[in-house]
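First the structure, in the form of structure tokens, and then the observations on it.
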Amino acid sequence: MDITSTLNQIILNPNLHGLWLNTLSYLEYRGFRKIARSQKSASIDAEILFHAAEEVRHALFFKKLALKLGTNKFRTYQDSELLGDFSAKKYFYDIDTGVANLLTKDSTFESYILISWLIEVRAMSVYTIYNELLLAAGQTISLDSILREEGRHLEKLKELSSAIFQKTKLPIKAFESIEKNAFQIFWKEISRHTHEAIGEKLNLGTEINL
Ligand SMILES: [Fe+2]
Ligand SMILES: [Fe+2]
């Protein structure tokens with residue numbers, strides 16, 4: 001299942017859509033946590049605070065939408081309340097460990113910038129498709145403001161990553177492959193869970209008809 005057809009099926013099913021929105025909330029929260037944890041208090045400036053505040057606001061934006069679809073079903077980020085169980089957590093883990101293997105131990109700042117850059121590139125691509133599908137499906141949810149803010153984050157992170165690659169001569173393609181592989185595993189699980197959920201719904205319908 002490609003991204004578009006899976007997302008289309010998710011949008012059509014309120015339970016899957018709630019799980020998906022809560023998963024996006026979780027991913028945004030992890031983005032916030034990465035910023036907060038990667039910096040020593042002494043180096044936190046207004047720009048970092050602003051970025052962290054926007055990510056946590058995005059997490060709350062998706063959380064509120066998820067809660068509208070199921071007040072008690074998407075309260076926390078435990079596996080059963082996310083689409084694909086622990087797949088989103090694994091996505092972060094795979095990127096964190098892959099990037100750590102390419103960097104030296106004391107590269108906290110570089111790690112934060114490069115991981116955030118990889119994830120922002122993916123977020124822009126998935127959010128753009130998702131936003132278009134929401135519009136086509138006549139849903140009232142719009143990601144326009146989030147896309148504007150992510151676009152700004154991405155511009156800044158691209159600039160900072162390029163500076164790191166220029167300075168260190170690290171292989172840019174190796175970093176891109178880490179995220180690509182992690183996302184493929186993540187999306188495979190999202191598609192599998194979506195398909196299973198829809199299959200269950202179809203089976204249930206057949207049983208009722210009989
Ligand atoms: Fe965000
Ligand atoms: Fe962002």
Side-chain angles (χ1 to χ4, degrees), residues 3 7 10-11 17-39 43-69 74 76-77 81-84 86-96 98-99 108-135 139-165 172 175-176 178-180 182-183 186-187 190:
I3 294 181
L7 277 177
I10 291 169
I11 290 170
H17 203 186
L19 287 166
W20 168 245
L21 286 162
N22 200 33
T23 306
L24 292 181
S25 174
Y26 171 75
L27 292 167
E28 292 285 356
Y29 161 73
R30 282 294 296 256
F32 156 75
R33 212 168 76 174
K34 180 148 284 299
I35 298 169
R37 283 188 173 176
S38 60
Q39 307 283 325
S43 61
I44 298 272
D45 59 13
E47 195 181 332
I48 294 169
L49 280 180
F50 191 62
H51 189 180
E54 287 193 338
E55 299 304 4
V56 87
R57 189 156 46 72
H58 296 169
L60 193 58
F61 170 85
F62 288 119
K63 175 61 89 177
K64 282 181 175 171
L65 290 170
L67 289 175
K68 273 191 192 171
L69 291 173
F74 315 114
T76 67
Y77 296 137
E81 295 179 341
L82 301 173
L83 187 56
F86 57 87
S87 308
K89 292 168 189 170
K90 181 170 162 45
Y91 172 69
F92 269 97
Y93 176 80
D94 288 350
I95 296 176
D96 276 346
V99 167
T108 316
F109 177 74
E110 284 79 4
S111 163
Y112 150 62
I113 296 296
L114 296 176
I115 291 174
S116 301
W117 160 66
L118 290 168
I119 292 171
E120 291 281 2
V121 172
R122 181 64 66 187
M124 280 301 283
S125 140
V126 174
Y127 285 177
T128 302
I129 299 170
Y130 179 41
N131 203 29
E132 282 167 7
L133 295 175
L134 286 168
L135 188 71
Q139 298 250 350
T140 49
I141 305 169
S142 167
L143 303 193
D144 289 353
S145 64
I146 290 202
L147 276 164
R148 261 196 307 279
E149 290 174 358
E150 299 297 14
R152 202 162 20 78
H153 300 164
L154 183 55
E155 241 173 73
K156 184 73 196 165
L157 287 161
K158 241 189 217 169
E159 204 182 283
L160 293 166
S161 309
S162 303
I164 292 173
F165 286 121
I172 186 163
F175 286 87
E176 287 171 336
I178 287 166
E179 193 284 331
K180 204 175 160 196
F183 185 75
F186 171 64
W187 201 258
I190 294 290

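Heavy-atom basis, side chains included; hydrogens, waters and symmetry copies ignored. Positions are given from 1, in the same order as the sequence printed here. Just so you know, ligand 1 is whichever comes first in the structure, and atom 1 is the first atom listed for that ligand.
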Check this for me: does any side-chain nitrogen of one of R152 and E155 sit under 4.0 Å from a carboxylate oxygen of the other? no

Less than 6.0 angstrom from the centroid, inside 45 degrees of the normal: does K63 satisfy that with respect to the ring of F74? no

Indicate whether the side chain of H51 and that of E54 have a donor and an acceptor atom separated by less than 3.5 Å. no

Pair T23-Y77, side-chain donor/acceptor within less than 3.5 Å: no

Does this structure show an ion pair linking D144 with R148, if we count only N-O contacts that are shorter than 4.0 Å? no

If we count only N and O atoms by modelled type, under 3.5 Å, do the side chains of E55 and Y29 hold a donor and an acceptor together? no

I want to verify a count. Protein N, O or S atoms less than 2.8 Å away from the Fe ion (ligand 2), how many are there? 4

